[in-house]
2 protein chains.
Amino acid sequence: MTTIYDIAKKANVSAMTVSKVINNTGSISLKTKARIKRVMEELNYVPNQMARGLVLQQTRQLFLLITDINNPFYTTLSRGAEDAAKEKGYRLSFGNSDENIEKEGEYLEIILGNRVAGVLFSPAGDQSVSHLETLQRHKVPFVLLDREVPGIESDAVIGDSREGARRIVEHFIENGHRHIALINGSPGISSARLRHQGYIEAHKLNDLPVQESYHLAFGYGSQTDLSGIMTWLNSLNPRPTAIMAGNNVLGVEVIRAIRDSGLRVPEDISVACFDDLGPFSQISPFLTVVTQQAYEFGYLGTQLLIERIEKKDENRPFRRINLPVELVPRKSVARLGTST
Amino acid sequence: MTTIYDIAKKANVSAMTVSKVINNTGSISLKTKARIKRVMEELNYVPNQMARGLVLQQTRQLFLLITDINNPFYTTLSRGAEDAAKEKGYRLSFGNSDENIEKEGEYLEIILGNRVAGVLFSPAGDQSVSHLETLQRHKVPFVLLDREVPGIESDAVIGDSREGARRIVEHFIENGHRHIALINGSPGISSARLRHQGYIEAHKLNDLPVQESYHLAFGYGSQTDLSGIMTWLNSLNPRPTAIMAGNNVLGVEVIRAIRDSGLRVPEDISVACFDDLGPFSQISPFLTVVTQQAYEFGYLGTQLLIERIEKKDENRPFRRINLPVELVPRKSVARLGTST
DNA sequence: TTGTACGCGTTATCAT
DNA sequence: ATGATAACGCGTACAA
């Protein structure tokens with residue numbers, strides 16, 4: 001691999017002069033500058049970022065950790081982060097924890113080992129607290145995305161989960177539903193908790209009883225075990241006429257389970273969920289959803305992160321951006337007769 | 001940041017001894033080993049990968065470059081690559097070129113600058129040839145994924161695009177269609193070329209004329225310009241009864257365009273495309289597709305790459321894995337009366 | 001079993 | 001305008 005010394009030798013200058021050309025620092029005559037540049041081209045020179053990072057004691061490298069690369073919410077978020085990073089001259093690497101605390105820990109090693117400048121962190125859950133404390137100990141700036149973690153103070157971009165859940169439930173209620181179940185992510189995830197709270201609040205606000213058995217904490221990730229959902233569904237008495245799913249993955253799973261049980265959506269059971277299904281939901285706009293501004297999560301989060309990195313003030317107050325939600329009614333919710 | 005020297009001092013040994021503990025090399029008494037490990041824990045020590053890479057002159061870092069992070073084909077592929085890399089003890093970073101040759105070039109700088117061990121490369125198109133030649137010049141091993149590039153010899157994992165296209169067209173024909181249009185990616189992308197060829201071959205095999213105007217090269221990426229598709233559609237005479245789309249993104253776009261024109265799918269125009277819509281296509285299985293084994297692209301490609309990295313034999317013959325396709329008939333293709 | 005000297009590729013500092 | 005030197009954190013080769 002060609003080094004700065006190869007360039008220096010071939011251009012009859014010292015390595016230092018080459019370095020100055022690379023970084024546009026100091027002053028060099030236009031003539032030698034041009035000569036050095038030519039040699040660099042010739043030798044296909046690319047500065048070694050490892051050596052650079054070593055001596056500079058800093059990198060312009062950001063890391064984005066998401067929990068599910070198959071979820072359009074996170075891929076769209078990633079695009080936002082990518083764009084913001086690029087605008088500010090930072091590089092972005094991605095990692096995918098798969099909602100799994102151990103995988104998250106592995107990425108933590110990468111993050112720490114490579115001395116990245118900052119992390120966009122969507123935690124797998126409350127257990128991520130130790131990982132985040134580790135980041136704090138190492139003074140690695142981070143921004144929490146989509147989920148918060150008790151005990152951790154930080155910059156964050158968070159959606160209005162509680163409000164979104166309320167909207168879904170009230171949408172059901174407006175359509176005549178009284179028996180509304182909730183299949184949700186793990187209670188160890190802040191957004192799942194808030195969605196559960198919103199679900200309960202909407203019931204209370206509308207003088208509807210909350211039935212404990214109507215709530216299933218299933219997990220946000222893709223799972224193949226439909227039978228768990230079906231067992232739950234069949235155990236419910238009376239059978240709910242509507243189900244709210246804590247996210248898009250669950251929305252799809254629950255629809256599959258309903259259909260596998262020989263029932264129809266929405267004729268027998270209505271369904272609505274959090275987060276849209278991505279660019280492809282348009283072709284058969286079926287599932288009623290609460291959408292979030294996924295791109296903004298990434299874009300704004302990256303801006304917060306970079307600002308914190310650049311004014312390295314330990315006491316800079318944490319900032320929190322709240323992003324609104326929007327209900328998109330489609331076809332998976334049926335209107336029940338007022339006689340019900 | 002704590003270094004190996006901090007550990008050494010606190011444990012009353014030399015830095016070298018610490019290094020040996022970290023890498024499990026040489027021999028050290030169990031006592032000092034335990035002591036050193038304890039100190040490392042205490043100080044939250046994480047080895048600096050930059051320093052390590054510098055002296056070792058190698059990293060166990062792989063890079064996956066995909067062309068569209070919003071496309072489920074590539075996210076599924078990514079999961080495969082991730083799993084394979086992990087099994088072999090490599091780390092994987094991702095980059096997203098967005099079908100854009102310039103963004104691809106930016107990631108090339110990252111790849112080169114960070115001296116990654118190898119690259120899983122899904123090229124934006126034939127123009128990527130210069131980027132691949134650069135990798136070759138720098139002796140960075142790579143595996144081509146999904147697309148090949150004229151003039152580049154390398155390991156590769158490629159799908160049977162030609163066969164897939166044939167299947168789609170024949171599926172149309174079996175359903176009574178005679179006027180079949182093709183909206184495709186850029187002809188500068190190998191898979192698009194092959195799909196076009198398959199489209200033509202299927203016509204010839206079935207004694208159907210190929211009408212030049214029925215072919216639109218639109219681009220694989222997400223574009224918002226539906227009007228181009230609509231203009232094209234309206235210009236066709238006779239109006240095709242079926243349209244094959246070169247990938248899933250185009251499949252969705254063309255359906256939107258058809259509907260925006262006031263026509264219905266499949267009653268007025270049938271549609272089928274390459275690549276499935278991801279985990280969510282199940283809830284309303286509408287679009288007829290040819291699916292590919294996306295996960296295997298990533299998984300097998302990573303295996304090829306790691307094998308090449310590990311037996312660093314310049315003359316190792318290139319290997320090419322061909323992955324089959326499968327037609328999944330759904331509801332977006334109508335059966336035409338035999339009277340037609 | 002443990003430690004010393006050196007080099008990996010780069011840049012900051014200071015001198016020329 | 002240009003260059004010599006040291007330092008970043010770590011591992012190899014060799015010596016003790």
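Below, chain A is the first sequence line, B the second, and so on; all start at residue 1.
In terms of phosphate contacts, A:Ser14 brings no side-chain nitrogen or oxygen within less than 4.0 Å of OP1 or OP2 of D:dT2. Distances shorter than 4.0 Å separate none of the side-chain N or O atoms of B:Thr32 from OP1 or OP2 on C:dT1.
Here C:dT10 presents its P atom at 12 Å from CG of B:Asn114, a figure rounded to the nearest Å.
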Spell out protein contact along nucleotides 5-16 of chain D as letters: B when the base is contacted, S when just the sugar-phosphate is, - when no protein heavy atom is under 4.0 Å; keep the 5' to 3' order.
---BBBBBB---

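The bend of the helix from C:dT1-D:dA16 to C:dT16-D:dA1, defined by the angle between the axes of its first five and last five pairs, stands at 40° to the nearest 10°.
Evaluated for a side chain to side chain contact (heavy atoms under 4.5 Å, CB included) with B:Leu62, the options B:Ile306, B:Val143, B:Val116 yield exactly one hit, B:Ile306. Screening A:Glu82, A:Arg79, A:Glu87 for a side chain to side chain donor-acceptor pair (under 3.5 Å) with A:Tyr299, the sole residue that qualifies is A:Glu87.
Annotation: side-chain hydrogen bond (donor to acceptor under 3.5 Å, both in side chains) contacts involving residues 57-66 of chain A, sequence neighbours excluded, comprise A:Gln61-A:Ser93. Applying the salt bridge (charged side-chain N to carboxylate O under 4.0 Å, His left out) test to pairs two or more places apart or on separate chains, none has a residue in residues 19-30 of chain B.
Atom CD of B:Glu296 is surrounded by more than 12 heavy atoms from other residues, nucleotides or ligands within 6.0 Å. Annotation: B:Lys37, atom NZ; neighbour count of heavy atoms from other residues, nucleotides and ligands within 6.0 Å does not exceed 12.
Using a 4.5 Å cut-off on side-chain heavy atoms (C-beta onward), B:Leu120 and B:Phe142 make no contact.
Across all strands shown, B:Ser27 has heavy atoms under 4.0 Å from base atoms, whether or not it also approaches the sugar-phosphate.
A donor-acceptor pair is defined here as one N or O able to donate and one able to accept, closer than 3.5 Å; such a pair exists between the side chain of B:Asn96 and the backbone of B:Ile69. Under the 3.5 Å distance criterion, the side-chain polar atoms of A:Ser29 are matched with a main-chain donor or acceptor of A:Thr32.
Residues from residues 134-142 of chain B with heavy atoms under 4.0 angstrom of DNA chain D: there are none.
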Result block: side-chain N/O donor-acceptor pairs under 3.5 angstrom for residues 39-46 of chain B, not counting sequence neighbours:
{"from": "B:Glu42", "atom 1": "OE2", "to": "B:Lys10", "atom 2": "NZ", "distance (Å)": "3.4"}
{"from": "B:Asn44", "atom 1": "OD1", "to": "A:Arg137", "atom 2": "NE", "distance (Å)": "3.1"}
{"from": "B:Asn44", "atom 1": "OD1", "to": "A:Arg137", "atom 2": "NH2", "distance (Å)": "3.4"}

